[in-house]
Amino acid sequence: MTTIALLGTGRLGAAIGHRLLEVGMCLKVWNRDPDRCRSLVSAGALHCDSPAETLLDADTVVTVLRDGPVTSAVVQCLGPLQGRTVIPMGTMGISESVRLSKDVKAQGGCYLEAPVLGSRPEAQKGTLLVMAGGDPEVFELQRPLLQQLGSDPLHMGEVGTGAAAKLALNQLIASLTHGYSLALRLVQASGLEVERFMEVLRPSALYAPTVDKKLGRMLTEHYGDPNFSTSLLRKDLNLFLQESKRAGVDASALEGLALLLQRAEGTDLDAGDYSALHALTKINSDTSE
């Protein structure tokens with residue numbers, strides 16, 4: 001039985017963990033907050049008190065942590081890796097992933113970035129979109145594991161290309177959500193029925209499925225129980241802006257959106273579903289709800 005070390009058992013990490021248990025893998029888990037490991041332990045995972053403890057009998061370390069700096073700090077706590085492969089699945093900057101790759105190699109391990117598109121429902125069903133960056137041989141060795149999370153994991157190229165793809169996609173999430181919110185606000189202000197507007201949008205080339213996925217939340221202003229929060233969207237958009245500067249890309253048009261998302265910080269909207277961006281596009285909106 002394959003043993004996997006899983007570091008980070010938040011919303012996505014826990015869903016990935018349950019999926020790995022369901023397909024018959026042995027799982028050792030760690031999280032800064034041990035309470036967040038309870039559901040996995042109840043399902044058969046072994047809880048560890050430290051990141052290093054998870055390495056015993058495990059050949060592969062999967063991390064699903066908030067960002068690059070947190071991931072780097074936790075990986076450093078692992079100590080000597082002795083040929084084990086570290087697979088970060090959380091979103092991080094391109095440069096952060098490249099640095100982490102060097103750190104992992106210095107610790108004697110192999111590295112394969114594998115950020116994913118999708119959230120809890122997709123992780124539980126094994127339908128995440130996996131975009132890996134790293135050595136092709138390491139990717140092929142880890143393909144059986146990745147295929148349990150997404151049926152067709154893609155090797156994007158060298159380290160950094162998977163991170164680039166993920167940041168580009170998350171920028172699209174932010175931009176699409178913002179653009180749709182603006183359109184919806186104007187439609188509502190004009191007195192046009194939203195559903196009549198949708199009858200035009202759905203068959204058009206402008207339509208994206210995420211519109212209907214988030215429409216109900218926007219109309220009812222229900223942003224609780226998120227799969228992906230406003231705070232994480234803001235974090236990823238800021239990462240995109242940082243990496244754009246390094247790449248010589250003029251992404252200044254996104255700076256206003258980043259400032260808009262900044263208004264959610266310290267409010268209930270920040271922990272809510274990222275469609276709460278809609279609450280921010282109303283002039284003089286109350287961001288405490």
Side-chain angles (χ1 to χ4, degrees), residues 1-67 70-92 100 104 107-132 134 138-153 162 166 227-228 232:
M1 183 180 293
T2 302
T3 300
I4 305 295
L6 175 64
L7 309 178
T9 56
R11 293 185 183 94
L12 180 59
I16 287 174
H18 280 289
R19 172 66 181 176
L20 295 178
L21 289 171
E22 287 172 5
V23 298
M25 295 188 181
C26 181
L27 195 65
K28 305 183 75 173
V29 298
W30 173 87
N31 195 80
R32 291 183 188 276
D33 181 358
D35 287 343
R36 305 199 76 171
C37 295
R38 285 184 178 179
S39 67
L40 288 169
V41 172
S42 297
L46 176 64
H47 175 256
C48 297
D49 293 324
S50 69
E53 188 180 335
T54 65
L55 291 183
L56 184 63
D57 299 325
D59 293 323
T60 302
V61 180
V62 173
T63 70
V64 193
L65 299 161
R66 178 179 175 84
D67 55 28
V70 170
T71 304
S72 179
V74 171
V75 168
Q76 287 179 11
C77 294
L78 292 172
L81 291 167
Q82 299 177 323
R84 295 177 177 86
T85 300
V86 174
I87 306 179
M89 291 189 165
T91 304
M92 66 178 73
L100 182 58
V104 167
Q107 290 171 239
C110 300
Y111 183 85
L112 185 73
E113 63 183 11
V116 298
L117 187 66
S119 51
R120 285 182 295 181
E122 291 79 16
Q124 291 164 352
K125 293 183 292 185
T127 58
L128 291 167
L129 297 177
V130 183
M131 54 209 98
V138 177
F139 173 73
E140 289 302 327
L141 288 172
Q142 296 298 330
R143 184 191 289 272
L145 167 62
L146 299 178
Q147 285 178 324
Q148 299 300 334
L149 301 175
S151 61
D152 188 24
K166 175 60 168 152
N227 288 320
F228 187 55
L232 288 177

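We count residues from 1, following the sequence as given.
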Taking all non-hydrogen atoms of both residues, which atom of [X] and which atom of [Y] are closest, and how far apart?
X: Ala123; Y: Leu12; value: CB-CD1, 4.0 Å
X: Arg19; Y: Gly126; value: NE-CA, 3.6 Å
X: Val75; Y: Gln107; value: O-NE2, 3.1 Å
X: Gln148; Y: Pro144; value: CG-O, 3.4 Å
X: Met92; Y: Leu100; value: CE-CD2, 3.9 Å
X: Val64; Y: Leu6; value: CG2-CD1, 3.9 Å

Are [X] and [Y] packed together at the side-chain level, in the sense that at least one heavy-atom pair is separated by less than 4.5 angstrom?
X: Gln147; Y: Pro153; value: yes
X: Leu112; Y: Phe139; value: yes
X: Leu21; Y: Leu40; value: yes
X: Asn227; Y: Arg11; value: no
X: Glu113; Y: Lys166; value: no
X: Leu149; Y: Met89; value: yes
X: Leu7; Y: Val62; value: no
X: Ile4; Y: Lys28; value: no

Does the side chain to side chain contact (heavy atoms under 4.5 Å, CB included) test come out yes or no for Thr2 and Asp59, once each step is laid out? CA-CA 8 Å; Thr2 302; Asp59 293 323; over 6 Å; no
Evaluate the criterion side chain to side chain contact (heavy atoms under 4.5 Å, CB included) for residue pair Leu81 and Val86; output intermediate values, then yes/no. CA-CA 9 Å; Leu81 291 167; Val86 174; 3.9 Å; yes
Salt-bridged, Glu122 to Lys125, with N to O below 4.0 Å?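 Between Lys125 and Glu122 there is no salt bridge, as every charged N stays at least 4.0 Å from the carboxylate O atoms.
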One thing to verify: whether Arg36 and Asp33 come together as a salt bridge, which I'm taking to mean a side-chain N less than 4.0 angstrom from a carboxylate O. no
Just how far is it from atom [atom1] of [X] to atom [atom2] of [Y], taken to the nearest 0.5 Å?
X: Thr9; Y: Asn31; atom1: OG1; atom2: CG; result: 3.5 Å
X: Leu128; Y: Asp152; atom1: CG; atom2: CG; result: 13.0 Å
X: Leu78; Y: Trp30; atom1: CG; atom2: CH2; result: 9.0 Å
X: Leu146; Y: Met131; atom1: CG; atom2: CE; result: 11.5 Å
X: His47; Y: Asp35; atom1: NE2; atom2: CG; result: 9.0 Å
X: Leu56; Y: Cys48; atom1: CG; atom2: SG; result: 8.0 Å

Between [X] (side chain) and [Y] (backbone), is there a donor-acceptor pair under 3.5 Å?
X: Glu53; Y: Asp49; result: yes
X: Arg84; Y: Cys110; result: no
X: Asp67; Y: Val70; result: yes

Please walk me through it: do Ile87 and Val61 pass side chain to side chain contact (heavy atoms under 4.5 Å, CB included)? CA-CA 6 Å; Ile87 306 179; Val61 180; over 6 Å; no
